[in-house]
Amino acid sequence: MIRVLLVDDQPLLRSGFRALLDLEDDIKVVAEAADGQEGLALVRKHRPNVALIDIQMPVLDGIETTRRIAADPALAGVHVVILTNYGFDEHVFNALRAGAAGFLVKDIVPEDFLHAVRVAARGDALLAPSITRKLIDRYVTQPLHTGAGTGLEELTNREREAVALVARGLSNDQIADRMVISSLTAKTHINRAMAKLHARDRAQLVVLAYESGLVTPRNT
């Protein structure tokens, strides 16, 4: 059973999302909150698999709520998905850096919404190649400082290669094909890299790959 927490200051949207989720046999909404502070308290209480969090809310916004969840080792199993009205923008980028597993635009069709919840619950990042492309564009227009304290020196060559391919938006199966290994081995390389780099998920691996200089827009 996938346990979901809804955090959004718009009651109508929360009701709509809950109605969709309650129809699914493998998903259970454990609680709802109208702001980030209340949401954070409920995350700590219920430990959901997925927390769907609006990016703009009163009291505590989605970015800071995500950052506090990601900073708490006791909440390592909570996968945050950011909800936004505007698509990919600076706020979403900052949420990914804060530890979000991905994001959804609120006008998403129901089938894609339900699929996204299941993807997030598995621990996979909601970063399609098109979203990765926008991350790349972000670094083209405003690159961050690279190379400092990323921990890449702890990775094996194969782990570094796998991380670079994650940053290019490839799935585990595609990474396995590119590296001529099994999908299980590809997943193992990625999981070990995440552990060494203290990354919560693939979304943070993408950010770390660009911040470290392992991957640059020029070689993508």
Side-chain angles (χ1 to χ4, degrees), residues 2-24 27-43 46 48-70 75 78-142 144 169 200-204 206-207 210:
I2 299 171
R3 295 160 50 81
V4 176
L5 177 74
L6 296 170
V7 187
D8 195 304
D9 61 333
Q10 299 180 58
L12 186 59
L13 280 175
R14 287 204 316 273
S15 297
F17 286 138
R18 179 159 200 158
L20 281 173
L21 295 169
D22 282 345
L23 291 173
E24 302 303 304
I27 299 175
K28 178 181 179 181
V29 178
V30 295
E32 298 179 30
D35 62 66
Q37 183 170 299
E38 181 186 9
L40 184 61
L42 290 173
V43 166
H46 294 283
N49 304 111
V50 178
L52 298 169
I53 300 179
D54 185 22
I55 201 165
Q56 294 181 314
M57 295 181 293
V59 185
L60 197 66
D61 66 22
I63 296 174
E64 183 58 29
T65 303
T66 299
R67 184 175 292 112
R68 296 187 188 185
I69 292 172
L75 303 178
V78 179
H79 304 290
V80 174
V81 176
I82 290 293
L83 300 171
T84 176
N85 289 315
Y86 308 109
F88 190 90
D89 60 14
E90 187 71 14
H91 295 299
V92 171
F93 179 84
N94 289 334
L96 292 174
R97 294 193 70 208
F103 77 97
L104 297 174
V105 180
K106 290 183 180 180
D107 62 359
I108 188 172
V109 298
E111 294 80 7
D112 290 344
F113 172 71
L114 294 171
H115 174 71
V117 169
R118 293 184 174 102
V119 168
R122 293 199 303 264
D124 294 335
L126 297 174
L127 288 178
S130 60
I131 303 306
T132 303
R133 180 73 248 172
K134 291 179 180 179
L135 275 172
I136 294 167
D137 291 342
R138 163 66 170 78
Y139 279 93
V140 170
T141 58
Q142 190 177 348
L144 299 177
R200 286 172 62 90
D201 49 45
R202 295 169 79 99
Q204 284 202 308
V206 173
V207 174
Y210 285 98

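Both backbone and side-chain heavy atoms feed into the values below; hydrogens, waters and symmetry mates do not. Just so you know, these numbers come straight off a predicted model, no measurement behind them.
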Of all heavy-atom pairs between [X] and [Y], which one has the smallest distance, and what is that distance?
X    : Y    : result
A98  : I63  : CB-O, 3.9 Å
T65  : G36  : OG1-CA, 3.3 Å
V4   : V117 : CG2-CG1, 3.9 Å
P110 : L20  : CB-CD2, 3.7 Å
L42  : A31  : CD1-CB, 4.0 Å
T66  : G99  : CG2-C, 3.8 Å

**Prompt:** Would you find more than 12 non-hydrogen atoms of other residues, nucleotides or ligands less than 6.0 Å from L23 atom CG?
**Reply:** yes

**Message:** How about CD on E64, more than 12 heavy atoms from neighbouring residues, nucleotides or ligands closer than 6.0 Å, or not?
**Reply:** yes

Which side-chain N or O atoms in residues 51-59 pair as donor and acceptor under 3.5 Å with protein atoms at least two apart or in another chain?
from, atom 1, to, atom 2, distance (Å)
D54, OD1, K106, NZ, 3.2

**Asked** Is any side-chain heavy atom of D8 less than 4.5 Å from a side-chain heavy atom of L83?
**Response** yes

**Message:** Could you check whether any side-chain heavy atom of R118 comes within less than 4.5 Å of a side-chain heavy atom of I27, counting everything from C-beta outward?
**Reply:** yes

**Asked** Do any N or O atoms from the side chain of R68 and from the backbone of L40 form a donor-acceptor pair under 3.5 angstrom?
**Response** no

**Request:** Keeping the roles fixed (side chain from D9, backbone from D35), state whether a donor-acceptor pair exists under 3.5 Å.
**Result:** no

**Prompt:** salt bridge (charged side-chain N to carboxylate O under 4.0 Å, His left out): which pairs involve residues 10-19, sequence neighbours left out?
**Reply:** R14-E32, R18-D22, R18-E32

**Request:** Just do the side chain to side chain contact (heavy atoms under 4.5 Å, CB included) check on L21 and L114 with the steps written out, would you?
**Result:** CA-CA 7 Å; L21 295 169; L114 294 171; 3.8 Å; yes

